[in-house]
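Reviewing the structure listed below.
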Amino acid sequence: MPEAASRVLSQPAVAPLLSVKNLQAWYGESHVLHGINFDVAPGEVVTLLGRNGAGKTTTLRSIIGILRKRTGSISFDGKETIRLPARHIARLGIGYVPEERGIFSSLSVAENLVLPPVVKPGGMTQEQIYTLFPNIKERLSSQGTKLSGGEQQMLSIARILRTGANLLLLDEPTEGLAPVIVEQIGRTIARLKQDGFTIVLVEQNFRFAATVADRHYVVEQGRVIDMIRNDELDANIDKLHGYLGV
Amino acid sequence: MFELLGVSPQVLFGQLLLGLINGSFYAVLSLGLAIIFGLLNIINFAHGAQYMMGAFVAWMLLQYAGIGYWWALLIAPVLVGVTGIVIERLFLSRLQNVDHLYGLLLTFGLALIIQGVFRNQYGVSGLPYGIPPELAGGRNLGFMFLPNYRAWVVLAALVACIATWLVIERTRLGAYLRAATENAPLVGAFGINVPLLVTVTYGFGVALAAFAGVLAAPIYAVNPNMGADLIIVVFAVVVIGGMGSILGSIITGFSLGLIEGLTKVFYPEASSTVIFVIMILVLLVKPAGLFGRAA
């Protein structure tokens, strides 16, 4: 554990875009995060792996500010955000793709797509988004929740690419999707990484995570208990199986 | 002239017109309630008092400042809407994460206080407010006499309802509102100022009530109890249309006004209860309301 902690603190070498230190969070009276620590360098794709209920989703919800009852330090691009409300955090350039996609049923696909306001220059144009997700263009007038699960996931990612956010928080983007769609999501994440986006990805499917991530943080009972570089994954596979209970 | 089941067309269409006018008030008031409930999850029991305030502000503008009906139609909703914003900021914003019941109790208490203050100041006998000269008189349509002011009330209510519906359904602001109604924390996580949206929405809903109050002032005497009498029926309209359903409130408001009017013609004894009977039937068959979505 001390070895893991020191490795966590020593990564990455460059100044981190996102730095989370001793993050604690509560749902009502229930203490769910007990000191999450991790850093993400600009342009990196980092995953949070762990069993159900380990605190991965709660970590993302704390970073974006949906979960208000939290302490510790969350620094984005050098700015402390722990006391800011969600709307201010988003406007710093953090885009959030929630678990179960968060597509609004009362909005059309087009309305869902343009709902999040542009927070920074440099976001994708709608044409660039249609190139990346051609299915969306064909379904613009449909009700958002009439799309297939995969299309909803793409819409959920697409709508934050417009905003100019440079850090994307993706919560289980492959959950419940067919393998062919999972592959498509993987290609999309790889493309976003190529384009310079920094991504924090919550995943249970570590095989998928291994295809897109640079590093993996293992979360257990509200704490980060280990960090594994993707190129060391094979050597640590038994340990990871143990963490994930596979 | 033809007769329908022994009822002359003058009586029939006269009652239908009255029904349509009542329906206009039901529609505008239930629209405001639906918008407030949709976004704030608050059953705004002060809505009737805010409708009454609209009528009183119009009367005060005329009495103390010499400002007539047309300006009052603009100024009273703004002034009463601002009081709504103050109420939202001071009280309702603190009830966001608690049971609906607290909001209902708070607004019920506010309604009693507001009505009490006006009753204490102006009594309950009612104050007259004249029809603007431009809308005085009426026209004979052959089968009925149509007072100009009543035609204007129906038209103004219809325009207010359609304009509100268009803003909600066709604008970016409306999209924010609809999305926040579904999942406010996520909308906030996109960088949208949801607390401001909530405040403005409550203010707008209250302003709609005040607008209805100004429209009502020349028809009914301006009276501290005018809202209390109406609000129970309006709540029934909202339940029938579907809590939070914008289109449901508009269509149901006008339709129930007409049904009430028809009941007055054919079975007057039931005219004051017909809306509640319909409400019970709808709740039994479709608990989410005719246009509401099941939770």
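Lettering follows sequence order; numbering is per chain, from 1.
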For this session: Please list, in residue-number order, every residue in residues 151-173 of chain A that has a heavy atom less than 4.5 Å from any heavy atom of chain B; write 'none' if there are none.
Result: A:R159, A:I160, A:R162

Problem set entry | Under 4.5 Å from any heavy atom of chain B - which part of A:I103 | backbone

Exercise. So what's closer than 4.5 Å to chain B heavy atoms on A:P117: side chain, backbone, both or neither?
Worked result: both

For this session: Taking atom types as modelled, find out whether A:E203 and A:T47 have a side-chain donor-acceptor pair closer than 3.5 angstrom.
Result: no

For this session: Evaluate the side chain to side chain donor-acceptor pair (under 3.5 Å) criterion for residues A:T198 and A:E44: first the C-alpha distance (whole Å), next the side-chain angles of each, then the deciding distance (0.1 Å), finally the verdict.
Result: CA-CA 5 Å; A:T198 306; A:E44 258 196 317; over 6 Å; no

Exercise. Would you say the ring centroid of B:H47 lies under 6.0 angstrom from that of B:F235?
Worked result: no

For this session: Residue by residue, scan residues 54-82 of chain A and write down, ordered by number, those that have a heavy-atom distance under 4.5 Å to chain B; if none do, write 'none'.
Result: A:I64, A:I66

For this session: Kindly check if the number of other-residue, nucleotide or ligand heavy atoms within 6.0 Å of CD (A:Q221) is above 12?
Result: no

Problem set entry | A:E111 bridged to B:R178 by N-O distance under 4.0 Å | yes

Exercise. Relative to chain A, which of B:A179, B:A175, B:P185 shows the most heavy atom pairs under 4.5 Å?
Worked result: B:A179

For this session: Answer yes or no: are there more than 12 heavy-atom neighbours, outside A:K137 itself, under 6.0 Å from its atom NZ?
Result: no

Exercise. For atom CZ of A:R83, is the number of surrounding heavy atoms from other residues, nucleotides or ligands below 6.0 Å larger than 12?
Worked result: no

Problem set entry | Flag, side chain of A:Q128 to backbone of A:T125, donor-acceptor distance under 3.5 Å | yes

Exercise. Strictly by modelled atom types, are A:Q143 and A:S105 linked by a side-chain donor-acceptor pair under 3.5 Å?
Worked result: no

Exercise. Taking the six-membered ring for Trp, are B:F37 and B:H100 parallel (under 30°), tilted (30 to 60°) or perpendicular (over 60°)?
Worked result: perpendicular

Exercise. Using a distance-only test with no angle check, is there a side-chain donor-acceptor pair under 3.5 angstrom linking B:N44 and B:Q50?
Worked result: yes

Exercise. Based on non-hydrogen pairs under 4.5 Å, which of A:I94, A:I89, A:V119, A:V114 is most in contact with chain B?
Worked result: A:V114

